[in-house]
Protein chains: 2
Amino acid sequence: MRVDYLKRIGRIIDLFTQNKKMIAFAESCTGGYICHMITNISGSSKVFERGVVCYSNKAKIEMVNVNKQIIEQNGAVSEEVAKQLGQGIRKLSGVDVGIGITGIAGPTGGTPEKPVGLVYIGFSSSEETFVNKHIFHANRLIFKKLVLKEVFTLLEKYIENEKKK
Amino acid sequence: MRVDYLKRIGRIIDLFTQNKKMIAFAESCTGGYICHMITNISGSSKVFERGVVCYSNKAKIEMVNVNKQIIEQNGAVSEEVAKQLGQGIRKLSGVDVGIGITGIAGPTGGTPEKPVGLVYIGFSSSEETFVNKHIFHANRLIFKKLVLKEVFTLLEKYIENEKKK
């Protein structure tokens, strides 16, 4: 499993390197796990520009320019905040792809409307910005791994499209 | 090993929570691993305010206010940059303890003067800022784990002193 993960990350890094594309992440609920896994590969510095682990709302606002009112209106775990995290980190770091993640890793913090396991993943490139919503029923670490797999898929789709250009 | 790590992090988080102290990290060579491990514990949000994975020099300068000239004069992997990372992230995030990490995880990137495995860990509180230097002969992931253990020790020492006050 671990080796498979590393192989997959290695392929993504190779493709981004070949296509001269760079990535940045703004992670809330995954707490740095995405950055950690990417940087397990030597050579990732060619592709990975920066990451922000914006656990507090203050950090989301100050470090990724998330709109304070948007957080107050929608909550930190919301489609709109994920969008702003992805878009914000891309623009701030001047990279090609920004990914923003906000959710509830649990086991506490869930509500009927926003249950434990809920996560919004915001993807932003110069061409498009969108948000995918998932609910993962898993413990804290497995939750992070499931989000990582979704991030892999987003990055792979993006780079496959770029290769065709 | 994993369970021991989680227990130790759990104890640190409990002590910081009880003493109302908060932490922030600026990680370069550890790539988000420290933040990831801290946030594996539910309740870490009471203690962990934010983290920055400042892989590029641009990110170190833009996100943690590291002085550009200091990087040019000393290199990104240096005592002075570790100090500024620790101090910078503490002040920017308004927390009690800031920890900054810069080093060479390898396997490439080493020089005779700055070998693979070299790491500087900058610790900053309102009372003191200092830097510890280590050289770890290990692969990329073990390197991250060895740095994490040093971070644990620094946090434990700090909070034990705070408890005595």
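Excluded from the calculations below are hydrogen atoms, water molecules and symmetry mates; all remaining heavy atoms, backbone and side chain alike, are included. Below, chain A is the first sequence line, B the second, and so on; all start at residue 1. The structure displayed is predicted, hence computed values, not measured ones.
Note: I41(B) leads I41(B), T108(B), T30(B) in heavy-atom pairs under 4.5 Å with chain A. In terms of heavy-atom pairs under 4.5 angstrom with chain A, the leader among G109(B), A59(B), S42(B), G32(B) is S42(B). Your options are C35(B), S44(B), C29(B), and the one with the most heavy-atom pairs under 4.5 Å with chain A is C35(B).
With a 4.5 Å cut-off on non-hydrogen atoms, I38(A) does not touch chain B at all. Using a 4.5 Å cut-off between heavy atoms, K144(A) contacts chain B through its side chain alone, with no backbone atom that close. With a 4.5 angstrom heavy-atom cutoff, L92(A) touches chain B only via backbone atoms. Heavy atoms closer than 4.5 Å to chain A are found in the side chain of E62(B), but not in its backbone. For chain A, the nearby parts of S45(B) are the backbone and the side chain; heavy atoms of each come within less than 4.5 Å.
Salt bridge status for E127(B) with K165(B): present, with a side-chain N to carboxylate O gap under 4.0 Å. Using a cutoff of 4.0 Å between basic side-chain nitrogens and carboxylate oxygens, R11(B) and E156(B) are not scored as salt-bridged.
With S124(B) as the partner, the side chain to side chain donor-acceptor pair (under 3.5 Å) test is satisfied by one option alone out of R90(B), K83(B), Q87(B), Q84(B): R90(B).
Around the CD atom of E72(A), the shell of radius 6.0 Å holds more than 12 heavy atoms that belong to other residues, nucleotides or ligands. Surrounding NZ of K21(A) are more than 12 heavy atoms belonging to other residues, nucleotides or ligands, all under 6.0 Å away.
For the residue pair T102(A)/S28(A), the side-chain donor-acceptor check at 3.5 Å is not satisfied.
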